[in-house]
Every structure is written in C-alpha cells, then in structure tokens.
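Comments concern the structure below.
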Amino acid sequence: MTIQLHNTKTGKKETFVPIDKNSITMYLCGPTVYNYAHIGNARPAVVFDVLNNLLKYHYPKVTYARNITDIDDKINKSAMELGQNIKKYAKKYADIYNHDIEQLGVQAPDIEPYATEHIPQIIAMINDLITKGHAYAAEGHVLFSVNSYENYGRLSNRNIDDMIAGARVEIAPYKKHPADFVLWKPSDESLPGWGSPWGRGRPGWHIECSAMCKEHLGTIIDIHCGGRDLVFPHHENEAAQSCCANSTESFANYWVHNGMINMDNHKMSKSLGNILLIKDVVKKHKGEVIRWLLLSSQYRQSVSWSEDSIYKSQKTLDRIYTALRENQDSIAEVHHNNIPASIIKALDDDLNTPIAFAEINKIAKQLAKAKSSNDKVLYKSQLLSAGLLLGFFQENPESWFKADDIDSDKIEKLIKQRNTARDNKDWEKSDQIRNELAAMNVVLEDSAKGTRWSVKNQ
RNA sequence: GGCUGGAUGGUAGAGUGGCUAUACAUCGGUUUGCAAAACCGCGGACACCAGUUCGAAUCUGGUUCCAGCCUCCA
C-alpha cells in the first residue's frame with residue numbers, strides 16, 4: 001500500500017511516507033468565521049474528509065485537526081457593522097459552518113481548535129520568534145522578519161524581491177522589510193484583545209495555525225491541507241513561523257492544496273461577487289448530490305459549477321440509488337474489506353475520485369444486472385462499503401426518492417385508486433390520476449411487483 | 001511583469017506511447033395499456049504547428065487561448 005500525494009513543496013506527486021506510521025497527523029485550514037459558509041469553503045472540507053477516511057483506512061491512528069479562525073479583522077468589521085458581540089458573532093458562524101458541511105456528509109475532525117482558545121500558545125510562539133531573532137516589536141506590533149529566514153518563499157516558489165517590485169499595497173512605516181508580516185497587533189478598547197508583553201492586542205493572520213498545529217499535532221506534521229489560494233501568503237508564512245519558532249527544517253512534510261470552484265470559468269470570489277452559499281444550495285439540492293459534484297473532479301483541478309453539473313450528479317446518484325432500491329432485500333455487509341481494490345487504488349493515487357466514481361458506476365451497473373442472490377449481495381456490499389469510505393449511499397433508498405414535505409398517505413391512496421382502475425382497464429381514469437400525481441411532482445413506475453413512486457428531482 | 005496550472009467527444013471529466021474510461025444528454029432496440037425506470041446497442045474527442053518514434057491525443061520544442069496566485073480569499 002502506498003498513497004501518492006501531490007506535494008506543493010516539490011510540485012510533484014510523491015509517495016506518502018509518514019513520520020510515524022502508527023500516528024498520522026493532518027491539519028486543514030478551516031474557515032475564518034465572519035459570514036455564511038460558501039461552496040468554496042465546502043470543497044476542502046469534503047475533499048480532505050475523504051483523505052482523512054482514506055488515511056484511517058490504511059493506518060491505525062490518524063489525528064485530523066481542522067481549525068476555526070475566530071479572531072480576525074474581517075470578523076470584527078462585520079460584527080461591528082451589525083452592532084453585534086464579536087465573540088458571539090464568530091461562534092454563530094462557526095456553528096453554521098459545521099452544520100452546513102455536515103449536510104454534505106463531512107464528518108467531524110478529531111480536533112477542532114479555535115484560535116481564541118490558543119492565545120497563550122500564540123504569545124509563547126511569538127516570544128520564541130523574537131528570542132531567536134526572527135521577529136521584532138514595533139509600535140505595538142510584532143512583525144516576522146522575512147530576511148531572517150533563508151527559505152522564505154520556497155513553498156510558494158516565490159522570490160521576495162520580485163514580489164516587492166510588483167507590490168500594490170502601501171507599506172506600513174514600522175516594517176523593516178516590505179514583506180514582513182504581522183504576528184501581533186494592538187487592539188483599542190472596541191476590539192477584542194488580550195494582554196501580552198507588547199500591550200493589549202490580538203494575533204495577526206497565520207500565527208494561529210502555527211500555534212494550533214504545534215499544540216495539537218506537534219512541531220512537524222505529516223500533511224497540511226488547504227485551498228490553493230492559501231499557498232501564498234498564508235501557508236508560506238505559517239511554514240516560516242513554525243520552522244523558525246520550533247527550529248525545525250520542515251513544518252509539514254506534505255502540503256496538499258485543492259483547486260478552486262469556477263462559476264462561468266471564473267473563480268468564485270468575493271471580489272467577483274459570485275459567491276454561492278452552502279445553506280442556499282442545500283435548500284434546493286441534496287447534500288449528497290453536491291458532495292458528488294465536488295468530488296467528481298480530481299481535487300487539484302477546478303470544479304465547474306453549474307445547474308447542469310448539479311443535474312448530472314443528481315441523475316447519476318438517482319441511478320445508483322435505483323439499483324439499491326431494487327435490491328433492498330439483499331443483505332449487504334458494509335465493511336472495509338468489501339471495498340473493491342480498484343477504488344482504493346484510485347484513491348491512493350493522489351485521491352483520484354473520478355476513477356473511483358467510474359468504478360462505483362460499474363459496480364452499480366453490475367448490481368442492477370445481477371441475477372443470483374450471491375452477486376446481488378456481493379455488489380451491494382461493495383457499493384455500500386465504498387460508499388461509506390467516500391461518504392455516499394448510506395441513505396435509505398426509499399427515502400432518497402421521497403421528499404420530507406409530502407403527504408405519502410394521500411399519494412398511496414391515489415395509487416390504490418389508480419390500480420383499481422387499471423384492474424378494470426379504465427385507462428382514462430388511470431391516466432387522470434397519474435396526471436394528478438404528476439402535478440404534485442410525483443412520478444409513478446408500474447412493474448410486476450406493483451406501483452412504485454418517487455418525487456421528481458428538479 | 002514573475003510564478004503555477006490548463007486546453008480531451010453535445011456537456012462534465014479521467015487516463016494511456018499502440019488496448020471500451022465513466023457519467024449526463026442524443027439516437028436505435030427490449031419492455032410497457034400508456035408511461036416511467038431498467039437493460040442492450042450505436043455513434044462521436046484528444047487546441048494549433050513542428051520534431052522524436054515502426055506508431056503520439058499521450059514525449060520534446062514552439063504558437064495561440066484560458067484560469068489561478070503575486071491584494072481579502074477555500
């Protein structure tokens with residue numbers, strides 16, 4: 001068994017070699033909670049949920065941490081504009097994030113650290129950086145000195161001087177070097193703040209992740225994940241801080257970054273104003289459908305988001321659930337051992353979910369065609385076991401085709417009436433009832449076994 | 001300007017130096033009171049130009065176009 005992962009550090013696909021195969025550590029940069037979570041927040045949560053499952057399939061112990069950044073100027077700004085308590089405001093959106101991604105089948109991580117609960121660790125780390133000559137205090141701020149770290153820029157493959165030449169932002173006067181970034185900044189009374197050797201203040205962006213990684217996973221971790229757009233500056237800075245503060249060569253051995261979501265061939269982003277919120281998407285579509293869509297591209301590629309791609313995901317899952325619905329009497333054994341090797345092989349290869357999905361489709365087809373009870377049990381077991389690993393097919397197939405807000409008794413009564421009419425070959429009445437149900441978005445399917453109904457998905 | 005990635009059938013999306021990806025859609029068939037679902041089957045693709053090779057959509061070089069990061073971002 002070897003997992004291959006594309007490592008941003010080297011720009012290559014590499015064989016994953018853990019620091020300690022009996023205890024794997026993985027960290028995902030979770031959201032800064034200042035608004036409703038969008039589908040761009042959902043993609044890493046979903047993708048690395050699968051990676052977490054895969055690692056847990058292979059290794060006896062995996063510690064997966066996914067943080068919540070609940071102290072940030074964006075949070076302060078939003079909360080203050082709305083006249084709300086900043087702490088409560090952040091907590092509210094952290095809970096919403098968790099609730100929303102849960103709808104997409106994302107399991108809770110092993111550890112969910114909050115930045116504000118790690119202020120002492122953050123201050124200690126900043127102290128270390130100052131002591132070791134990698135940071136300096138100036139005008140109530142503490143800044144990381146990029147010149148003090150020769151490897152600065154290596155993760156994101158950037159040359160500091162080039163970046164400064166193209167810099168478009170005004171440089172704060174207290175910075176020794178234009179690329180120096182803030183570790184600690186002063187807070188006035190209106191802002192959240194904590195006592196520190198540099199006065200009352202709050203942490204800058206980046207340091208919280210370094211401190212939380214160290215606290216929960218150690219000074220060097222196996223895998224650090226996040227969105228592609230975090231490579232610079234966030235991860236570059238995290239790596240610099242951590243390596244300097246901990247006096248280590250490496251911070252994370254594997255840096256794994258997911259691609260963006262594209263709407264009309266453009267990244268979904270705040271500046272373009274094309275943000276789609278999870279809460280709005282799951283109002284219209286099943287979470288599992290969205291999860292399928294998010295995993296139907298390999299994680300490093302962009303996802304083309306459209307109504308059409310949602311529809312395709314819906315239809316594909318409908319077909320698979322139909323196969324399961326036809327085989328409800330077969331008793332499947334859901335177990336790791338029943339996951340087909342082809343699926344593990346696909347996932348081991350840098351999380352190739354499209355191939356895994358192709359395999360799932362083939363198995364679903366086998367299941368639909370299966371004649372013998374042995375085959376039925378075999379394929380159903382494979383499908384449900386692989387589904388568990390990837391986060392699919394655990395819903396009851398009957399309920400998959402129903403809607404929560406529908407009057408089942410009434411529908412079944414009408415179906416009974418229609419079947420009486422059919423027995424009497426009263427096709428006119430039969431069709432009239434079918435139309436009546438169709439108006440309620442209910443689709444009927446007659447078979448030798450009786451009449452089956454489903455709510456038509458939009 | 002610097003650094004990354006891309007360009008595959010109607011659409012989405014993998015992969016491979018010669019062998020059906022897969023899904024959705026279309027078309028034909030089986031089935032059906034009608035239908036639906038399911039199944040069977042048929043097509044159809046590798047941006048452009050050179051080169052390497054017995055053979056390239058797959059390797060190399062170039063061209064064009066697209067996206068991302070360099071500024072908050074997942």
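First the proteins, then the strands, lettered A, B, ... as listed; each starts at 1. These figures come from a predicted structure and were not determined experimentally.
Remark: P of B:U71 and CG of A:N237 are 11 Å apart, rounded to the nearest angstrom. At whole-Å resolution of the value, CG in A:N274 and C1' in B:G68 are 14 Å apart. Rounded to whole angstrom, the span from the CZ atom of A:R300 across to the P atom of B:G6 amounts to 7 Å. B:A67 atom P lies 9 Å from atom CG of A:N262, rounded to whole Å. The interatomic distance linking A:L351 (CG) with B:A14 (P) rounds to 12 Å, in whole Å. Here the P atom of nucleotide B:U71 and the NZ atom of A:K267 are 13 Å apart, to the nearest Å. Taking atom CZ on A:R66 and atom C1' on B:A74, their separation rounds to 13 Å, with Å as the unit. Between the CG atom of A:L293 and the P atom of B:U22 there is a distance of 21 Å, rounded to whole Å.
Ranking B:A23, B:C3, B:A74 by closeness to the A:N41 side chain, first place goes to B:A74. Across B:G13, B:C69, B:U11, the shortest atom-to-atom separation from the side chain of A:F232 is found for B:C69. Here the side chain of A:P44 is nearest to one of B:A14, B:A74, B:G13, namely B:A74. For A:A368, counting side-chain heavy atoms from C-beta on, the closest listed nucleotide (B:A74, B:A12, B:A38) is B:A38. Comparing B:A23, B:A74, B:C70 against the side chain of A:H38 picks out B:A74 as the nearest. Ranking B:A14, B:A23, B:C73 by closeness to the A:N361 side chain, first place goes to B:A23.
Considering only side-chain N and O atoms, A:K74 lies under 4.0 angstrom from the phosphate OP1 or OP2 of B:C73. Not one side-chain nitrogen or oxygen of A:S296 sits closer than 4.0 Å to the OP1 or OP2 atom of B:G13. Here A:S313 does not reach the OP1 or OP2 of B:A23: none of its side-chain N or O atoms lies under 4.0 Å away. Taking only side-chain nitrogens and oxygens, A:H234 never comes nearer than 4.0 Å to OP1 or OP2 of B:C73. Applying the 4.0 Å criterion to OP1 and OP2 of B:C3, one finds that A:N159 has every side-chain N and O outside that range. In this structure, A:N157 reaches the B:U4 phosphate: one of its side-chain N or O atoms is under 4.0 Å from OP1 or OP2.
With no hydrogens or angles considered, a side-chain donor-acceptor pair links A:S190 and A:D188 at under 3.5 Å. Side-chain contact, A:N98 with A:E112: a donor N or O sits under 3.5 Å from an acceptor N or O. A:N237 and A:Y152 form a side-chain donor-acceptor contact under 3.5 Å, judged by distance and modelled atom types alone. Between the side chains of A:D318 and A:Q314, at least one donor N or O lies within less than 3.5 Å of an accepting N or O. A donor-acceptor pair shorter than 3.5 Å can be found between the side chains of A:S187 and A:R202.
No hydrogens or angles were tested; on distance alone, nothing pairs the side chain of A:K362 with the base of B:U22 as donor and acceptor under 3.5 Å.
Contact annotation for A:I261: base contact, defined as any heavy-atom pair under 4.0 Å involving a base atom. Nucleic acid contact for A:R228: sugar-phosphate only, since backbone atoms but no base atoms lie under 4.0 Å from a heavy atom of the residue. Note on A:E359: nothing from the nucleic acid sits closer than 4.0 angstrom, heavy atoms only. Among the atoms of the strands shown, only primed sugar atoms or phosphate atoms (P, OP1, OP2) are found under 4.0 Å from some heavy atom of A:G227. Residue-level contact check: A:G259 touches the bases, meaning some heavy atom is under 4.0 Å from a base atom.
Using cut-offs of 30° and 60° for the angle between ring planes, the A:W400 and A:Y321 rings count as parallel. A tilted orientation is assigned to the rings of A:W255 and A:H235, their planes being inclined by 30° to 60°.
With C1' as the reference atom, B:C24 and B:U16 are 24 Å apart, rounded to whole Å. Separation of the P atoms belonging to B:A14 and B:C54 is 33 Å when rounded to the nearest angstrom. Remark: the separation of the P atoms in B:A67 and B:U30 is 49 Å, to the nearest Å. Atom P of B:G29 sits at a distance of 37 Å from the matching atom of B:G18, rounded to the whole Å.
Taking CH2 of A:W453 as the start and OG of A:S408 as the end, the distance is 4.0 Å to the nearest 0.5 Å.
Looking at A:K362 and A:E359, a side-chain N of the basic residue comes within less than 4.0 Å of a carboxylate O on the acidic one, giving a salt bridge.
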What protein N or O atoms touch nucleotides 40-44 of chain B N or O atoms at under 3.5 angstrom, if any, and at what distances?
| from | atom 1 | to | atom 2 | distance (Å) |
| --- | --- | --- | --- | --- |
| B:C40 | OP1 | A:K369 | NZ | 3.0 |

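The aromatic ring centroids of A:Y27 and A:F251 lie 6.0 Å or more from each other.
With sequence neighbours left out, A:E14 forms a side-chain contact (heavy atoms from CB on, under 4.5 Å) with A:N7, A:T10, A:Y254.
The cationic group of A:R66 does not satisfy the cation-pi geometry with A:F48, failing either the under 6.0 Å distance to the six-membered ring centre or the 45° limit from the ring axis.
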(message) How would you summarise protein contacts on nucleotides 28-37 of chain B per nucleotide, using B for base, S for sugar-phosphate only and - for none, with heavy-atom distances below 4.0 Å?
(response) -----BBBBS

